[in-house]
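Heads up, the thing below is written out as structure tokens.
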Amino acid sequence: MGDMSIPNYVLNDGTVMPQLGLGTYKIAPDEVESIVRTAIELGYRHFDTARLYDNEEVVGRALNDAINAGDVTREELYVVSKLWHDQHGTDEAKQGFAESLRKLNVGYLDNFLIHWPYPQGGRFVETWESLLHIRETDELVSAGVANFNAEHLDELVDATGVAPSLNQIELHPGFHQPEQLAANEKHSIRVEAWSPLARGIVLNNPQLEEIAHATGSTVAQVVLRYLLDKGVSVVPKASSAQRLQQNAAAIDVELSADDTATIDGLAGLPGFGRIFG
């Protein structure tokens with residue numbers, strides 16, 4: 001067991017998910033395995049990948065190696081992958097899930113997300129229905145989405161009566177998305193921030209640096225703690241043991257109401273906003 005104890009969130013389907021995990025998007029292929037193993041040693045249990053990341057097999061291999069070494073049990077892990085939009089549709093989604101499960105080779109997935117609504121394809125509701133069918137098997141615990149806005153979420157719930165357990169969206173101090181947060185809260189959907197550090201853009205902000213100095217933490221820790229305080233789950237990428245440890249230590253940072261108000265005021269600063277689209 002690692003030396004970090006990461007708290008859990010309860011999702012709307014009654015399952016629990018670690019608040020902080022490791023995002024594996026764009027970690028160099030030859031580094032993924034060692035980063036995942038190091039993360040487990042440090043206490044990480046939540047691992048986020050996707051078909052699009054082209055690393056499911058190596059992530060799965062690292063997780064299995066850790067299980068076989070006795071570092072962790074499968075039940076302690078929370079493994080998430082995502083379905084790309086070229087596999088929307090009833091049968092296509094089942095095939096996409098089966099491929100991700102086979103590549104990860106961890107027995108079952110804790111959550112599986114529709115990566116994008118891809119509304120121009122017109123099949124995201126059908127795809128969601130397919131995930132709900134898969135969720136009834138012992139191969140999938142929870143189903144969720146990523147990058148779905150209010151109208152997409154409403155459409156899913158209107159059609160099926162079932163809200164996603166998780167919606168992974170772009171969220172950071174430069175892009176707050178209050179309407180998105182409210183739309184998810186309406187359906188008791190837990191929000192998770194992908195790229196919570198805005199791919200490094202937020203790390204050079206003077207106001208964040210001032211808060212970090214005052215709290216004896218790093219800017220990255222301040223940003224992660226800010227999001228956690230908002231009830232948002234985070235899956236920052238990390239490419240070194242030091243960064244993994246620093247990110248996890250964000251749980252111990254304490255921000256004042258003034259600190260939070262200062263960060264609230266950063267949204268929309270020039271060069272500090274949305275990083276995608």
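Note: the hydrophobic cluster containing Ile189 does not contain Val157 (ILVMFWY, side chain heavy atoms under 4.5 Å, direct or indirect links). Under the 4.5 Å side-chain heavy-atom criterion for grouping Ile, Leu, Val, Met, Phe, Trp and Tyr, Leu181 is connected to Val202 within one hydrophobic cluster. Clustering ILVMFWY residues whenever any of their side-chain heavy atoms sit less than 4.5 angstrom apart, transitively, puts Val79 in a cluster other than the one holding Val235. There is no path of hydrophobic side-chain contacts, each under 4.5 Å, that joins Leu227 to Phe175. Hydrophobic clustering (side-chain heavy atoms under 4.5 Å, transitive across Ile, Leu, Val, Met, Phe, Trp, Tyr) groups Ile134 together with Leu132.
Classified by interplanar angle (parallel below 30°, tilted 30° to 60°, perpendicular above 60°), the ring pair Tyr44/Phe47 is tilted.
By the 6.0 Å contact criterion, CZ on Arg37 is enclosed, its count of non-hydrogen atoms from other residues, nucleotides or ligands being greater than 12. Heavy atoms of other residues, nucleotides or ligands lying less than 6.0 angstrom from CG of Asn8 number more than 12. More than 12 heavy atoms of other residues, nucleotides or ligands sit less than 6.0 Å from atom CD of Glu209. The number of heavy atoms from other shown groups lying within 6.0 Å of CD (Gln242) does not exceed 12. Within a 6.0 Å radius of CD in Glu75, more than 12 heavy atoms belonging to other residues, nucleotides or ligands are found.
The side-chain heavy atoms of Ser195 and His172, taken from C-beta on, include no pair separated by under 4.5 Å. Inter-residue side-chain proximity for Leu22 and Leu244 is flagged as met; some heavy-atom pair is nearer than 4.5 Å. Proximity of Leu156 to Pro164: side-chain heavy atoms (C-beta onward) are separated by under 4.5 Å at one or more points. Contact check for Gln87 versus Arg51: side-chain heavy atoms found under the 4.5 Å cut-off.
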query = Are Arg74 and Val106 close enough, and set up right, to give a side chain to side chain contact (heavy atoms under 4.5 Å, CB included), and what steps lead you there?
reply = CA-CA 7 Å; Arg74 171 64 186 92; Val106 288; 3.6 Å; yes
request  = Start with the C-alpha distance between Lys237 and Asp48, add both sets of side-chain angles, then the distance that settles salt bridge (charged side-chain N to carboxylate O under 4.0 Å, His left out), and finish with yes or no.
outcome  = CA-CA 9 Å; Lys237 170 189 148 189; Asp48 180 88; over 6 Å; no
Worked verdict on Lys26 versus Arg199 for side chain to side chain contact (heavy atoms under 4.5 Å, CB included) = CA-CA 11 Å; Lys26 288 197 171 177; Arg199 296 180 185 163; 5.6 Å; no
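Using a distance-only test at 3.5 Å, with no hydrogens or angles considered, no donor-acceptor pair links the side chain of Asn184 to the main chain of Arg190. In terms of modelled atom types and a separation under 3.5 Å, the side chain of Arg274 and the main chain of Glu170 share no donor-acceptor contact. A donor-acceptor distance shorter than 3.5 angstrom exists from the side chain of Glu126 to the backbone of Thr90, with no hydrogens or angles considered. Between the side chain of Asn105 and the main chain of Gly60, no donor-acceptor pair closer than 3.5 Å is present. When atom types are taken as modelled, the side chain of His176 and the backbone of Pro178 share no donor-acceptor pair closer than 3.5 angstrom. Although no hydrogens or angles enter the test, the distance criterion places a donor-acceptor pair under 3.5 Å between the side chain of His46 and the main chain of Pro18. Between the side chain of Asn55 and the backbone N or O of Thr24 there is at least one donor-acceptor pair closer than 3.5 Å. Under the 3.5 Å distance criterion, the side-chain polar atoms of His213 are left unmatched by any main-chain donor or acceptor of Glu210. The backbone N or O of Val162 lies less than 3.5 Å from a partner atom in the side chain of Trp128, making a donor-acceptor pair. The backbone N or O of His115 sits less than 3.5 Å from a side-chain atom of Asn147, completing a donor-acceptor pair.
Residues Ser100 and Glu56 have side chains that bring a donor and an acceptor to within less than 3.5 angstrom of each other. With 3.5 Å as the limit, one finds a donor-acceptor pair spanning the side chains of Ser256 and Asp259. Tyr78 and Asn111 form a side-chain donor-acceptor contact under 3.5 Å, judged by distance and modelled atom types alone.
Partner of Phe148 under the side-chain contact (heavy atoms from CB on, under 4.5 Å) criterion, out of Leu153, Leu113, Ile169: Leu153 alone. Between His187 and the choices Asp154, Asn167, Asn12, the side chain to side chain donor-acceptor pair (under 3.5 Å) rule is met once, by Asp154.
Taking the ring pair (Phe, Tyr, Trp, His ring centres under 6.0 Å) definition, one finds that Tyr25 meets it with Tyr53, sequence neighbours left out. Remark: Asp229 engages Arg225 in a salt bridge (Lys or Arg N to Asp or Glu O under 4.0 Å) (not counting sequence neighbours). Under the ring pair (Phe, Tyr, Trp, His ring centres under 6.0 Å) criterion, Tyr118 pairs with His85, sequence neighbours left out.
When all heavy atoms are compared, the tightest approach of Val141 to Asp110 is CB-O, 3.5 Å.
Both tests do not hold together for Arg135 against Phe97: distance to the six-membered ring centre under 6.0 Å, angle to the ring axis within 45°.
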